[in-house]
There are 2 protein chains.
Amino acid sequence: MANSPNKESTGSRTASSLKVINDKPGNATAKTKAAQSAAGNNDTEARPTLKTIAYMTNLAVTTVSRALKDAPDISAPTKARVRLVADQIGYRPNRAGIRLRTGRTQVISLVISLEEEVMGITSQMVLGISDVLSDTPYHLIVTPYSQQQGPLEAIRYICETRSADGVIFSSTEPDDERVRYATAHGMPFATHGRTDMGIQHPYHDFDNTKFTLEAVSRLAAKQRRNLLLLSPPASLNYYRHCIAGFNQGLREHGINGHISSTLDTSAKLDEIEAMIKDLLSGPDRPDGIICTSGSSAIGVIAGIEQAGLTVGKEVDIVSKQSISLLSKIRKEVGTINEDVRNAGRQLATAVLRSIDGEAPENLQSVEYPDMPSTDLPSPDLPSHDPQSKD
Amino acid sequence: MANSPNKESTGSRTASSLKVINDKPGNATAKTKAAQSAAGNNDTEARPTLKTIAYMTNLAVTTVSRALKDAPDISAPTKARVRLVADQIGYRPNRAGIRLRTGRTQVISLVISLEEEVMGITSQMVLGISDVLSDTPYHLIVTPYSQQQGPLEAIRYICETRSADGVIFSSTEPDDERVRYATAHGMPFATHGRTDMGIQHPYHDFDNTKFTLEAVSRLAAKQRRNLLLLSPPASLNYYRHCIAGFNQGLREHGINGHISSTLDTSAKLDEIEAMIKDLLSGPDRPDGIICTSGSSAIGVIAGIEQAGLTVGKEVDIVSKQSISLLSKIRKEVGTINEDVRNAGRQLATAVLRSIDGEAPENLQSVEYPDMPSTDLPSPDLPSHDPQSKD
DNA sequence: AGTAGTTACTGTAACGTTACAGTTCCGCAC
DNA sequence: GTGCGGAACTGTAACGTTACAGTAACTACT
């Protein structure tokens, strides 16, 4: 995220119209030149650089650089002096300079699909990540991928061009090529959703097993005996979790249920509507439907009504939701919240800590509403001094 | 946006393990050194740079640079040769190098509020912008601002640190300090929503006057005679547009209506629900409600039901919506769509063309569903060759 | 034959930063 | 009083790119 404009930026004055007054007499050549260009520094409105501060403090650029990052070989008074001047003139490190020299981009990339958009889930994710990055020098770049290029391409692009220090992505599959690729290329990342491929990596996941389990319980409590699970696409890892909880729930309550094989949450709302209508008009119709995404529930509700039935009467619904919408507009619908904004926070924290070298095992969390998440400790960014965020 | 990983990146081979075989005998000193470091170039897996290509083609770095950007003083055969090699080794320009040298960041920044989140509008905006940036070398950075820091700070930060080549922001006010600031500092930008301050600038807006006008017409057609407008916050410029259309509609149809003074679309859903319930329980209750945001309609519907009334019976609603949700889940609700994703496309296009020096007068568009938008021509990015996007 | 112009290249420096290898100075031990 | 070690600084080079000022070779015109 673009770190929010930071506190010490009060002084918006620039070291613009300085004239060469005070030329150091001692070490001649290079210093003189530096002083000139630092002082003559574009009389217009040039941003101050280390050179500017070096000139003003009568120190070498290196010294200023080291002073600002609190290096041990700079004396305390010098550090104080340098910081004072830096603050006064509103110095902000040049990201391009840092990036070129160190290779660190100070960028986290959120990779999303250009097609997918499940009811503002991306907004929530962006906001959550921003919550965390706001206090750091990191910027958030959103990198989309189109269907024809495939999700791996985006990751590959980021790795090849080293255009980010860390990546966040979702729609994880049990065996996810992106996880393999990023791991192999040493690119820190965190996934929204777990994988099942024997690679330890940072993730944050919603406990979909608990979710479907509870959904079954709620429907069972309403005397529903023939459930339908509208699952996520079978390719995604959390499909398995949803199934597991669903089946366990059915067993525990001794009721029937099946998983829609022709339909999943990735279908268009119109398709869902049509299919649900069909299903409800046929024999052996379900009396309870579990929706594993908030938007799919919209289609389901529409389908139910198309079939001439009423939610809460002939059929009950329990749905996941990531914004409190369904529960507002259709109080009859049972909802369980996935806090995607919090997921964003967890993921951002995890990537940052991963960048700082933390082991992946310590960067994994699973969330469930009433059993609040295994919170990750907030990242302590030792290598980047919060003062010097630009 | 991170431009999507591009086509010519097929060759993921690197010029890694080249040995110094062919050292140019002619011009000695500098060339030899360059060749050595280009060839000895980190035997591990270093990204190819201009230097790598220069060594391979036996040309100077400058020549390679100019060849790749199709400069007129390079011969056609040389250009072809350079491009061939560049493609083969999968050369991608280093953004930090370019940024440092030229000051161009190849970044567009979308400034959003950390608090605001009106039902996935940010997602749509991000996707729309991405649609456009995908074909360019530009990346999309999302820069949030928190309430206490104020929206101007984010723009100021971007300008001061020159961390983007262009900015997109919304929630425009009639007299908007951000517009003034960005204009004064020569930072290209485009706003979602117009302003009214005598400054010409790129914008894309939804025609809210037409919207409220039509909303009134629709309600009048349903014999509604006492309307309520749930307006946006009065500080925003489109408040005025909404009012104008509303009043005009009332006049044209000779019916009554008023604008809620205590409530606007920025209120929490619960507040809206409570207020609407109150209003409907009081005397002179409205029989038609116009919602200027999709999410507020949710609250309104809830309020209506809380009051024991039914949407479509005692009260009708017409609402703006940015995703087809209301119209799905509550077919009784009249909806008019604002295509925010398209707004994102328009805005991105406008900023890019503004960066390319196009006059703001030519970068303004107003959209209305059935009277399709004054489409901006697609940007022709003359200065950045699509081939060389990294 | 000499100059001017053109074409196609080359070389240098600079953008702002940091890694690393000095250098200077001082106090202290022998 | 020479040497040593450490504290506190300095200088140089390099990251990859491009602007700009050459330069060499060749053609064309007087």
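For the numbers below, each heavy atom of this structure counts, side chains included, while hydrogens, waters and symmetry mates do not. Chain letters run A, B, ... following the sequence lines, proteins first and then strands; every chain starts at 1.
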Gap between atoms [atom1] and [atom2], on [X] and [N] respectively (whole Å):
X	N	atom1	atom2	value
A/Lys51	C/dT18	NZ	P	15 Å
B/Arg95	C/dT17	CZ	P	20 Å
B/Leu50	D/dA19	CG	C1'	14 Å
B/Ile98	D/dA19	CD1	C1'	14 Å
B/Arg66	D/dG22	CZ	C1'	14 Å
A/Asp70	C/dT18	CG	C1'	16 Å

**Request:** Find the distance between CZ (B/Arg162) and CZ (B/Arg99) and round it off to the nearest 0.5 Å.
**Result:**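 If we round to the nearest 0.5 Å, B/Arg162:CZ and B/Arg99:CZ are 11.5 Å apart.
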
**Message:** With rounding to the nearest 0.5 angstrom, report the CG to OG1 distance, B/Asn94 to B/Thr49.
**Reply:** 8.5 Å

**Prompt:** Can you check whether A/Thr78 has a side-chain N or O nearer than 4.0 Å to OP1 or OP2 of D/dA8?
**Reply:** no

**Request:** Taking only the side-chain nitrogens and oxygens of B/Thr102, find out if one of them lies under 4.0 Å from OP1 or OP2 of D/dA19.
**Result:**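 Answer no for this pair, as no side-chain N or O of B/Thr102 is under 4.0 Å from OP1 or OP2.
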
**Asked** Quick one: does A/Arg47's side chain have a donor or acceptor within less than 3.5 Å of a partner on A/Arg92's backbone?
**Response**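 Yes, because the side chain of A/Arg47 sits within donor-acceptor range (under 3.5 Å) of the backbone of A/Arg92.
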
**Net bend of the helix from C/dA1-D/dT30 to C/dC30-D/dG1, end axes of five pairs each, nearest 10 degrees** = 70°

**Request:** Please name all residues satisfying side-chain hydrogen bond (donor to acceptor under 3.5 Å, both in side chains) with B/Thr102, sequence neighbours left out, ordered by chain then number.
**Result:** none

**For A/Arg180, side-chain hydrogen bond (donor to acceptor under 3.5 Å, both in side chains) partners two or more places apart** = A/Asp175

**Prompt:** In terms of side-chain heavy atoms of A/Leu59, which of D/dT10, C/dT18, C/dT12 is nearest?
**Reply:**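 When the side chain of A/Leu59 is considered, D/dT10 is the closest of D/dT10, C/dT18, C/dT12.
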
**Item:** Contact summary for A/Val132 and A/Ala348, nearest pair of heavy atoms
**Value:** CB-CB, 3.8 Å

**Request:** Ignoring hydrogens and angles, answer whether the base of C/dT17 and the side-chain atoms of A/Arg101 contain a donor-acceptor pair closer than 3.5 Å.
**Result:**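 For A/Arg101, whose side chain was compared with the base of C/dT17, there is no donor-acceptor pair (under 3.5 Å).
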
